[in-house]
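Below is one structure, written out as structure tokens, with a few remarks after it.
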Amino acid sequence: TGASLGVERRTHTGGKVSFTLSYADLRSTSNTQTLSPQFSTSFALNFTHALLRDFGRSNVETRLRVAEKGAAIAESNLFSKVSQMIQRVEESYWNLTFLLKDLEGKKRSLESAREFLTQNENLLRAGRVAQIAVTQARAAVAERERDVIISQTSADQFEDRLKSLLWLDFSTTHLTPAEDAEQQPPLLDAEKSLETALQRRPEVLALQRELESREIELKFAGNQKRPRLDLNAQYGQSGLSGKPNPTCIDPTSTLCIPVGSNIPGSILAGRTGVRDSFNTLFSNNPFENWSVELKFQMPLGNDTAKAQYTEATLRRLETNANLMAMRDQVSMEIRAAVREAQAAQKRIDASHEALMYVEDQLQGMRQQLDAGLVSSYDVLKAFDEVDKARTTELQAMMDLNVAYSKVRLAEASGFFRYSIELAQAPRYTFEPATFVK
């Protein structure tokens, strides 16, 4: 029977240190074993270290460092998903805001159409317009009532969409926009936005981490092309005790001479218990042994390591190309979003001028109708022009704010605008493992 206890620890530079303590209890009737029972103890201290291949902290911790880069890449991917969610919420918010404002405009248009119907009915009673004018006004009221119903339905649908994005219960009260659309936003600077994006965009940061990971793998693959030179050193001590074996040396002889007959005159005399073996182990004169070895291995050809190095080189080149392509894509997204915002701003200015013009024109038409200078049909056409101009201006305002949300998405600045912070993922400290046998 026996037992052993061992502790092993790896170093940061490619070495391994182990300590083993062993105990054995051997009992035998063999005529070749001097002691029975025999108690033996020993401890061994071993040290192994790579000197060429696998040498150095960077090579030993390759997998850990790659895993750390992988964790950073995962965080960047999460950041990207949340940024996209923020932009979708913003876009849905502005679309809902547009639909609600458009609904208000259509309700005002309906009230104006009803007032116009009343005006025509009064003019009909005064004999100043024909019956067709009242009929046209009633048709205009019905058309605007239909527009209100359609606009209300669209607003309800987008409200549900926004609730879904915000994980709100659909049975909650109606959402009311708390922020008005920006009509005069600050000037955009495409170059500054691009500089910000290259520092913050999670896709760029993820590819940068991946490139760093590829550099680590390439360095490790280069190390694996080296020959192997390992240093092995060992030191040990042993302790021995036991009782003389009474088994006869020659079982066939009439005179029995015990195998352990020479023990009383040896250094093992008096060492008959288990404790004696441990005392011998830790005495001033233990049984010692030590060895030092240098082991050199030179692979012939080493085609596998060379192929792995080539593969790591190609992966690094591929990641670098992807990083350059992503930077170009980010630049295109920034420029497109800035152009979209600038175009929307120009549309706001133009549509506002057009709205003011058609509103003045409608007011003049209604006055001319009282004077009998225009027909009811002409006034209704002016109503339609006002509705279209008002919707166009609202749409341009919403498009401007949606374009700004796209700029923030391209810059990855939505987190900072809304002071959003992601919970910090757990951090692990990687230390060389300790094994107990």
Side-chain angles (χ1 to χ4, degrees), residues 72-99 101 158 162 165 177-212 317-355 389 391-422:
I73 292 172
E75 288 183 359
S76 297
N77 292 336
L78 176 60
F79 191 96
S80 176
K81 296 295 184 182
V82 177
S83 296
Q84 294 171 10
M85 175 63 71
I86 292 173
Q87 196 277 328
R88 287 197 296 270
V89 170
E90 281 189 306
E91 187 169 351
S92 297
Y93 173 87
W94 293 121
N95 282 323
L96 177 60
T97 302
F98 161 72
L99 289 172
K101 289 184 177 295
F158 265 85
L162 184 56
L165 288 173
E179 183 176 344
D180 292 330
E182 295 181 90
Q183 300 184 32
Q184 295 295 331
L187 296 177
L188 293 173
D189 187 340
E191 296 300 326
K192 185 176 180 180
S193 295
L194 178 59
E195 182 180 351
T196 301
L198 293 179
Q199 295 175 353
R200 294 179 178 174
R201 275 291 289 267
E203 297 89 344
V204 174
L205 297 179
L207 285 172
Q208 288 176 345
R209 300 294 181 272
E210 184 177 346
L211 183 60
E212 293 171 0
L317 292 174
E318 179 184 10
T319 303
N320 189 58
N322 292 338
L323 177 58
M324 296 176 63
M326 177 55 66
R327 287 174 174 170
D328 291 340
Q329 180 180 337
V330 169
S331 178
M332 292 175 58
E333 291 177 3
I334 288 288
R335 295 179 185 279
V338 169
R339 281 195 294 266
E340 187 175 338
Q342 292 172 341
Q345 181 61 60
K346 294 178 181 178
R347 285 167 49 207
I348 289 176
D349 298 337
S351 59
H352 182 69
E353 293 293 332
L355 178 60
T391 300
T392 300
E393 183 183 30
L394 286 174
Q395 184 66 63
M397 290 180 184
M398 296 307 106
D399 289 345
L400 176 64
N401 285 269
V402 170
Y404 259 79
S405 73
K406 293 180 180 179
V407 172
R408 287 190 288 272
L409 174 63
E411 291 180 344
S413 59
F415 278 78
F416 303 93
R417 174 179 173 83
Y418 300 107
S419 301
I420 297 175
E421 294 183 5
L422 294 179

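These figures come from a predicted structure and were not determined experimentally.
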Do side-chain atoms of S351 reach the backbone of I348 as a donor and acceptor pair under 3.5 angstrom? yes

If I take atom CZ from residue R200 and atom OG1 from residue T196, how far apart are they, to the nearest 0.5 angstrom? 5.5 Å

Tell me the closest heavy-atom pair linking Q199 and L205, and the distance in Å. O-CD2, 3.8 Å

Minimal heavy-atom distance between P202 and A412, with the atoms involved, is CD-CB, 3.9 Å

Between CZ of R408 and OG of S83, what distance do you get to the nearest 0.5 Å? 12.0 Å

NZ/NE/NH1/NH2 to OD/OE distance under 4.0 Å, K406 and E333: no

Taking L409's backbone N and O only, do any of them form a donor-acceptor pair with S413's side chain (distance below 3.5 Å, no angle check)? no

S80 versus E203, side-chain donor and acceptor atoms under 3.5 Å: yes

Drop me the distance from L198's CG to S331's OG, to the nearest 0.5 angstrom. 8.0 Å

Check D399 against R347 and note the closest heavy-atom contact, atom names and distance. OD2-NH2, 2.8 Å

Quick one, F98 with M397, criterion side chain to side chain contact (heavy atoms under 4.5 Å, CB included). Give me CA distance, side-chain angles, the key distance, then yes/no. CA-CA 8 Å; F98 161 72; M397 290 180 184; over 6 Å; no

Roughly how far apart are M332 CE and I334 CD1, rounded to 0.5 Å? 12.5 Å

Verdict with reasoning, E411 to R201, per side chain to side chain contact (heavy atoms under 4.5 Å, CB included): CA-CA 6 Å; E411 291 180 344; R201 275 291 289 267; over 6 Å; no

Walk me through whether F158 and T97 qualify under side chain to side chain contact (heavy atoms under 4.5 Å, CB included). CA-CA 10 Å; F158 265 85; T97 302; over 6 Å; no

Residue pair Q208 / E212, side-chain donor-acceptor N/O under 3.5 Å: no

How close do V330 and L194 get, counting heavy atoms only, and between which atoms? CG1-CD1, 4.2 Å

Taking the side chain as everything from C-beta on, heavy atoms only, tell me whether Q395 gets closer than 4.5 Å to K101. no

Between M398 and W94 the two heavy atoms that sit nearest each other are SD-O, 3.1 Å

Between L78 and E75, is a side chain to side chain contact (heavy atoms under 4.5 Å, CB included) present by the stated rule, with each step listed? CA-CA 5 Å; L78 176 60; E75 288 183 359; 5.6 Å; no

Output the distance between atom CG (L317) and atom CG (N322), rounded to the nearest 0.5 Å. 11.0 Å

Nearest 0.5 Å, please: how far is CG in D328 from CG in L323? 9.5 Å

Heavy-atom pair of closest approach, residues A410 and A197: O-CB, 3.2 Å

From the list L96, L165, V402, L162, side chain to side chain contact (heavy atoms under 4.5 Å, CB included) partner of E91 resolves to V402

